[in-house]
Amino acid sequence: MQVTKATFTAFQGTSQKWVLRVEVEGSDFQRCASPVVASVGGVPVEFIIVNLASDGFGGLMRTVPPTGAELSVGYDNTGLDATGIFFDPQDVVAPTV
Amino acid sequence: MLALDSRATLVSSVTVHGLLAPIAQLDIDAYIDQPVVYDGWTATKGYELKVFVSLEVLRDHYHARVNDLITQKFLSVDSSPPDRYRVHCRLRIVYPCSRTNPQKLKGSGKLPVVVLVHGHTEVLVASHTGFTYLQNYLASKGIVSVSVDTNAANAFDSYVLMRAHLVLGALDVLRELAAPKKDHPFSDRLDFDNVGMLGHSRGGDAVVLAAIMNPDRPDDKKCKITAVCALAPTDLTGPKQATGGDSRLTNDHASFFAVIYGALDGDVVGGRSDGTGTGFRLYDRASAQKSMVFLDRCCHNPFNTIWEKNDRSLLQSDIDNGRVLDWLSHHEVGKAYIGGLFRWRLLKQAKARSLFDGSAKKPVGGPASIQWSFGEKIYPLDEMYSNPVAGIRTVPGITMDMVSVVGVDGTPVKNRTNHQTRVLVLPPTLPATAGMSAYKLENFPVKDWSAYDLFTFRACADADVSTQQTVNNSLLPEFTLVFSDGDNNSVSVLPASWTPQPRRPVFHQIKPNPDGENRTVIRLETLSIKLSDVAKGGVNLTQMASIEVVAPANFAFHQFLDSFQLVKR
């Protein structure tokens, strides 16, 4: 898989446990037996859903990662790979309604 | 709540084993009612199930994606209560039909039913049509089957639960078609007390869950599940750590459980302990009568004819040199093992039984490592849990878990095995311990073993799996089993008397880096000793007193033992 971009959005919903939504863009996110997994620094991305077009995925985070934490993405049975994309809280966008 | 738009299509009659067997195919479009669920996964926590109180709350989490799924008709919310939705599901039903009228089922009695479910792949692929070769085979033998489209679960990236709901929902659709006094060819002709389930990949996980959910369903929807087959399955829902004794699939869920898995699988890849679980864990945790066949030359995708012809992470050299079976041969393996399993368990045609206990002379698809535990009668002696199932165990200074064992390559053995079971660990033999008893089981309540045929156990040895050459040079398990009776008569059984003979691991590399990543699995195999041979050695089978494991001299590697059982075939 190739990751080209990640957008972090403040979570706006009724659930109290999520603080951020991340939308990852790229290509070749295969639907295979092993789940797609991701984390930003040590913060796991949960409830990932791969886009129907396999050109990215979305997921939720419970805590805000530290500034400069790197996004890592992979498959559960082969492990996480660093993407060169780093978290900056100043880039977190407000949700659109 | 079903919206049926069905059409009956006669598939051309096919010739199976030289006999003309008319087969009909019926494709159905269904919407299957479900609670609003989403089961997710994280690298750190593993599987997490979430049931949403309403679709609106789900939208709250996944807004645009949920709307996409509705727009694309994977989900429907029309006329559903707020906490449920309807999931679009195509069904392919294949059945043996009358020679003169394809609308009619063959014969007059009730026919067994098999439900098949595919795994996770691209959502526009009609994966449920990829088992038609198997369905045709089953129909030719007198079994009605339904293959379930779970692309809604694929679109949702759902792991297991939605798939399990769809499996059970598909059976509900069949049940509706088979309702008595209804003008349908299936009316009163399907035997829901004789149901088989096959799941491939994530579908393998799902059929296990569906079988577990089945007893809790309303009486008018419950089935009697005769056999569950997990083909190259994931284990996403099981705990990541072995606890011992945490059985999942029991005889209350299914009369028989089989796992069929290729040692060259390039999707559900083993050889790492921290990744997605595989069929080894499903097998270890099942207490139903069971078998697991680990086929040396099989991979993942070719079992479904609609999927890519090879696994993406297969090494090209494994394809070019014929180390992995070709596409068509995988289908022959599917028919032999899966078709054979359902013929054996659903139709009581026991020809394929030998494929599942390692006694087949020339198995289809080539060699396999087999674990099994089934028979007319089973007496478990020791599963290596904290306490033996029967009797008193003495293990001087021996560990009972492979988690802490450092292997011959300097890494933890748990990195090489996908098991989820406690084992007896025989350490490398030191001169001081050579020939000494490493394990003794005595005072078991059943001392009369004369009603049983076999003593079975699972065993393997650690191995240097870094190259094909080191695998070729690895040592096979070697220890002596000593059986004693109440009059102190003993017989020592050496490895030469084990059946079958143990096998070396299958060397397995996958693609991720240019040199290939080593994912060779070290796995247990079930071996057996004929109790008649023990009796011939002068031991009285009606007064058995103990079993001992004696370490060999100069054995350099760890060895692992598990599942001491008595079996009457």
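Per chain, numbering begins at 1; letters A, B, ... match sequence-line order.
Heavy atoms closer than 4.5 Å to chain A are found nowhere in B:Leu124, neither backbone nor side chain. Neither the backbone nor the side chain of A:Tyr75 comes within less than 4.5 Å of any heavy atom of chain B. Looking at A:Ser39, there are no atoms closer than 4.5 Å to chain B (heavy atoms on both sides), in backbone or side chain.
Aromatic rings of B:Phe280 and B:His419 (six-membered ring for Trp) have centroids within the 6.0 Å cut-off, being under it.
Note: B:Thr121 leads B:Leu69, B:Thr121, B:Thr234 in heavy-atom pairs under 4.5 Å with chain A. With respect to chain A, the highest number of heavy-atom pairs below 4.5 Å among B:His120, B:Arg202, B:Arg519 belongs to B:His120. The candidate from B:His200, B:Arg312, B:His300 with the greatest count of non-hydrogen atom pairs under 4.5 Å with chain A is B:Arg312.
Looking at every heavy atom in both residues, B:Asp311 comes nearest to B:Asn301 through OD1-N, 2.7 Å. The minimum heavy-atom distance linking B:Ser127 with B:Trp307 is given by the pair OG-NE1, 2.9 Å.
When atom types are taken as modelled, the side chain of A:Asp55 and the backbone of A:Glu25 share no donor-acceptor pair closer than 3.5 angstrom. Counting only distance, with no hydrogens or angles, the side chain of B:Ser201 and the backbone of A:Ala33 share no donor-acceptor pair below 3.5 Å.
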